[in-house]
Amino acid sequence: MADESIQDGDGGRGGDGDGIRTFPFPVDLSLLGVGVQVGPMGAGSGWHAHAPLHRVHRIDFHIVMLFTGGPVRHMVDFAEYEAAAGDLLWIRPGQVHRFAPEGEYRGTVLTMQPGFLPRATVEATGLYRYDLPPLLRPDPARLAALTAALDQLRREYEDATTLPLSLHTAVLRHTLSAFLLRLAHLAASSAHAARQGRADAPGDSTFTLFRDAVERGFATNHSVSAYADALGYSRRTLVRAVRAATGQTPKGFIDKRVVLEAKRLLAHTEMPIGRVGAAVGFPDAANFSKFFQQHTDQTPAAFRAELR
């Protein structure tokens, strides 16, 4: 995907014991060791020699790709996205993804280490809004603004001599924040356009808390009432907020996250099906198989076999 200036030279590590390789942010290859990199996309190996483009893997950092060529097909969490010139692809930490080996990736890529930005900026930019679409298609005016902001960030990143490291890092944080605020607005606008006619923002903070709680607890907690109690909301309030933000019920949102993780483990690890079920909150293998088939119209074994 990228030339050696934005590849990982330290190797991958296991993904929470699930067998999916997770590759860390390559701090040693970043200019001055700061937690962000900006550079050209190009042909070659992936983040590491053991993770070529066509191999499914996770990353523990953010990737934003702004394409100047294409089309390129890219898989993110079992959905195929086709990106062309002028499109952006935003991949978040923990998402399973795969580069298309036949695709020619051209443009600029930004990688960012979690923790590089302060929490207030993280919240304002929706860095962990996994409910938002990875593929973004800005109109010409927004594309021009995003391109200019990314070009400015790249210039600041490459200027490693005119400022002391502390000031250089501070400037990068501010410049990165400006780019991400534009990107976040585009992502939120795109999601809103896709759900026209649904209720709007009043329940957004409620949904954000629910979404984060599900991300932390989906492997053991599938109960809407338990999440509502833990967050201090009535079940009815939670239902309204989740419907407004996603068009789904809270139970549907939880089940969708559980199914996604089960698919990840079935497709990309050799874990026995019973262990996969236990990993997503089903100690009984029969109950897991019934749940999975209800949501996918396939048994776990059939889904795995189809991908092998």
Side-chain angles (χ1 to χ4, degrees), residues 1-13 22-49 51 58-68 86-95 97 105-129 132 134 136 138 142-188:
M1 189 279 294
D3 61 20
E4 65 180 4
S5 68
I6 49 175
Q7 294 171 19
D8 173 21
D10 290 335
R13 50 182 169 77
T22 299
F23 291 86
F25 180 83
V27 178
D28 61 319
L29 296 180
S30 177
L31 290 177
L32 301 180
V34 296
V36 63
Q37 297 178 9
V38 192
M41 291 189 251
S45 60
W47 308 113
H48 183 264
R58 282 184 172 130
I59 50 174
D60 72 358
F61 51 94
H62 292 267
I63 299 174
V64 178
M65 291 181 277
L66 174 57
F67 291 88
T68 58
D87 292 344
L88 294 103
L89 193 64
W90 186 353
I91 305 169
R92 291 167 169 83
Q95 290 187 302
H97 72 123
Y105 287 74
R106 299 195 304 275
T108 302
V109 60
L110 160 70
T111 61
M112 188 195 72
Q113 187 177 31
F116 183 70
L117 293 176
R119 182 169 183 81
T121 305
V122 169
E123 291 296 324
T125 54
L127 287 187
Y128 296 94
R129 287 288 304 272
L132 295 178
L136 303 171
R142 286 182 175 179
L143 176 60
L146 284 162
T147 300
L150 190 58
D151 287 345
Q152 178 63 27
L153 178 61
R154 183 174 176 180
R155 286 192 293 271
E156 295 291 354
Y157 171 70
E158 293 174 348
D159 180 10
T161 60
T162 60
L163 290 172
L165 178 58
S166 60
L167 289 180
H168 175 65
T169 303
V171 168
L172 282 178
R173 285 196 176 104
H174 285 290
T175 312
L176 175 61
S177 296
F179 171 75
L180 289 176
L181 285 167
R182 289 187 178 277
L183 186 66
H185 182 255
L186 171 63

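All heavy atoms count here, side chains included; hydrogens, waters and symmetry mates do not.
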**Study point:** Sequence-distant partners of F67, ring-ring contact (aromatic ring centres under 6.0 Å, His included), two or more places apart
**Key:** none

Point to revise | Pair listing, salt bridge (charged side-chain N to carboxylate O under 4.0 Å, His left out) test, anchored in residues 108-121, at least two apart | key: R119-E123

Practice item. Taking side-chain contact (heavy atoms from CB on, under 4.5 Å) as the test, write out the residues that go with Q95, two or more places apart. Key: V76, D77, I91, R92, Y130, R264

Review point. If you take all heavy atoms of F25 and V34, which pair is closest and at what distance?
Key: CE2-O, 3.8 Å

Practice item. State the NE2-CG distance between H62 and L127, to the nearest 0.5 angstrom. Key: 4.5 Å

Exercise for review: Could you tell me which residues satisfy side-chain contact (heavy atoms from CB on, under 4.5 Å) with T121, sequence neighbours excluded, listed by chain and number?
Suggested key: L117, P118, T125, S177

Study note, to complete from the structure: With sequence neighbours left out, the residues meeting side-chain contact (heavy atoms from CB on, under 4.5 Å) with H174 are none

Exercise for review: With sequence neighbours excluded, tell me which residues meet side-chain contact (heavy atoms from CB on, under 4.5 Å) with L143.
Suggested key: L66, P138, T147

Review point. Just by modelled atom types, is the R142 backbone N or O under 3.5 Å from a matching donor or acceptor in the R182 side chain?
Key: no

Practice item. Drop me the distance from I59's CD1 to T111's OG1, to the nearest 0.5 angstrom. Key: 8.5 Å

Point to revise | Gap separating the CG atom of L186 from the CG atom of L180, nearest 0.5 angstrom | key: 12.0 Å

Point to revise | Residues forming a side-chain hydrogen bond (donor to acceptor under 3.5 Å, both in side chains) with Q152, sequence neighbours excluded | key: R155, E156

Review point. Quick one: side-chain hydrogen bond (donor to acceptor under 3.5 Å, both in side chains) partners of R154, sequence neighbours excluded?
Key: E158

**Study point:** Interatomic spacing from CG in L146 to CG in D151 - rounded to 0.5 Å
**Key:** 10.5 Å

Exercise for review: Take L132 and W90 through the test side-chain contact (heavy atoms from CB on, under 4.5 Å) and record every step on the way to the result.
Suggested key: CA-CA 10 Å; L132 295 178; W90 186 353; 5.8 Å; no

Show every donor-acceptor pair shorter than 3.5 Å between a side-chain atom in residues 160-172 and any protein atom, with sequence neighbours excluded, or say none if there are none.
unit_1, atom_1, unit_2, atom_2, d
T162, OG1, D159, OD1, 3.1
T162, OG1, D159, OD2, 2.6
H168, ND1, D159, O, 3.3
T169, OG1, L165, O, 2.9

Check your understanding: Under a 4.5 Å cut-off applied to non-hydrogen side-chain atoms, are L176 and L110 in contact?
Key -> yes

